[in-house]
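Notes for the one structure printed next.
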Amino acid sequence: MSAKERGMAKLLARADREERFSAVMAYVNPDVSAMLDLGCGIGALTTRLAERFPLALIVGVDRSRYLLSKLQRKRNVLTVLGDIPDLPLKKSFFDLVVAVQVLHEIFHFKGAHALARTFQNVFCLLKKGGEFLIFDHVNPGDTSICLKLSEELLEKLREFQSKFKPRRITYYDLGRGRIETSVRDFYDFVTKIWALNSELEEEEMSETHTPFTRQELVNLSQEAGFKVVHTTSLTPIDSHLEYYGITVESVVKLPNRHIILHAKKI
Ligand SMILES: C[S@@+](CC[C@H](N)C(=O)[O-])C[C@H]1O[C@@H](n2cnc3c(N)ncnc32)[C@H](O)[C@@H]1O
């Protein structure tokens with residue numbers, strides 16, 4: 001087990017993730033009999049699903065043997081060690097497939113083709129009428145914003161700019177702690193400050209928290225054959241602003257940073 005996996009296990013066990021699981025579980029049809037939890041990690045959602053739906057079978061898949069070993073054993077849970085884009089599971093078997101904060105990892109570590117293949121694979125694994133629920137980070141767009149940061153945070157921004165690999169982070173120093181940047185660059189920065197110099201730094205600096213737009217996720221779903229029933233955005237950025245004492249000087253409504261997409265195989 002690597003330090004990265006240990007760090008990930010701690011991160012996935014954080015209590016502040018409860019809200020996103022409740023949001024996802026609100027979509028689950030109570031008649032569901034077989035569910036697949038893609039990239040289940042330590043099984044934070046898997047366990048909740050198993051407890052809420054004791055008559056259903058829940059299959060949790062992850063590529064990390066260590067994270068799977070942390071999953072609480074339940075009578076109605078099976079785990080599979082595997083790679084999501086190419087899962088050799090039974091076709092037309094599941095009523096529901098959930099993917100919580102995993103598609104952005106597939107996109108970054110395996111590429112756009114692997115992500116498209118994941119949607120196609122999920123479509124095949126679902127029964128007719130089956131549902132695909134995605135919870136993930138979303139690209140908030142490139143609107144320009146002005147912010148006021150403390151000197152310490154400005155230093156962190158410089159460090160982040162030098163370490164973040166997915167794209168060049170751009171900001172203009174307007175003096176006296178004021179900067180102009182894009183909402184997208186700001187969201188990647190503010191949601192990853194914690195990872196600087198941590199055991200997850202390498203992983204977090206290699207992937208973005210703004211991977212795809214809502215429309216790109218809708219397109220991927222439709223291209224795989226799904227009907228998109230609903231999308232909603234959630235998780236305001238405000239708590240990060242408060243925590244780090246950041247003032248937004250622009251008159252813009254900052255978008256939420258997560259999306260839930262609910263698609264159906266009709
Ligand atoms: C951010 S974690 C989310 C875990 C879990 N869904 C949750 O919300 O608690 C992403 C998980 O996806 C897994 N993962 C990423 N890419 C994968 C792949 N290609 N195949 C299987 N698992 C993958 C990682 O090992 C990790 O456990």
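Each ligand, and each atom within it, is numbered from 1 in the order the structure gives. Note that the structure is predicted; figures quoted are calculated from it, not measured. Index from 1, following the sequence. Any value given below was found using the heavy atoms of this structure, including those in side chains, with hydrogens, waters and symmetry copies removed.
Residues His230 and His262 place their aromatic rings such that the two centres sit no closer than 6.0 Å. Residues Phe132 and Phe119 place their aromatic rings such that the two centres sit under 6.0 Å apart.
The shortest N or O to N or O distance between Ile84 and ligand 1 is under 3.5 Å. Taking only nitrogen or oxygen atoms, main chain and side chain alike, Leu67 does not reach within less than 3.5 Å of ligand 1. Considering backbone and side-chain atoms together, Asp37 places no N or O closer than 3.5 Å to any N or O of ligand 1. For ligand 1, the polar-atom distance check finds an N/O of Gly39 within less than 3.5 Å of one of the ligand's N/O atoms.
Both the backbone and the side chain of Asp83 come within 4.0 Å of ligand 1, counting heavy atoms alone. Contact annotation: for Arg63 versus ligand 1, heavy atoms closer than 4.0 Å belong to both the backbone and the side chain. Counting heavy atoms under 4.0 Å from ligand 1, residue Tyr66 does not touch it at all. Contact annotation: for Cys40 versus ligand 1, heavy atoms closer than 4.0 Å belong to the backbone alone. Under 4.0 angstrom from ligand 1, the non-hydrogen atoms of Arg17 all belong to its side chain.
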Point to revise | Test log, rule salt bridge (charged side-chain N to carboxylate O under 4.0 Å, His left out), inputs Glu155 and Arg158 | key: CA-CA 5 Å; Glu155 194 48 53; Arg158 285 180 210 114; 2.7 Å; yes
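By the 6.0 Å contact criterion, CZ on Arg176 is open, its count of non-hydrogen atoms from other residues, nucleotides or ligands being 12 or less.
Ligand 1 does not have Leu45 within reach: every non-hydrogen atom of the residue lies 4.0 Å or more from it. Phe21 counts as a contact of ligand 1, since one of its heavy atoms falls under 4.0 Å from the ligand. Taking 4.0 Å as the cut-off, Val61 does not count as a neighbour of ligand 1 on heavy-atom distance. A heavy-atom separation below 4.0 Å is found between Gly82 and ligand 1.
Glu18 has a carboxylate O that lies under 4.0 Å from a charged side-chain N of Arg48, or vice versa, which qualifies the two as a salt bridge. Ion pairing of Lys148 with Glu249 is absent here, as no side-chain N (NZ or NE/NH1/NH2) approaches a carboxylate O to less than 4.0 Å.
Ring orientation note: the planes of His258 and Phe135 are tilted relative to one another, at an angle of 30° to 60°.
At the top of the distance list for atom 1 (C) of ligand 1, counting protein heavy atoms only, stands Gln101 O, 3.2 Å. Looking at atom 12 (O) of ligand 1, its nearest protein heavy atom turns out to be Val102 CG2, 3.3 Å. Counting only heavy atoms of the protein, atom 25 (O) of ligand 1 lies nearest to Asp62 OD1, 2.6 Å.
Between the CG atom in Leu125 and the CG atom in Leu89 there is a gap of 6.0 Å [rounded to 0.5 Å]. The OG1 atom of Thr208 lies 4.5 Å from the CZ atom of Phe164; values are rounded to the nearest 0.5 Å.
Considering all non-hydrogen atoms of both residues, Asp83 and Lys110 come closest at OD2-NZ, 2.7 Å.
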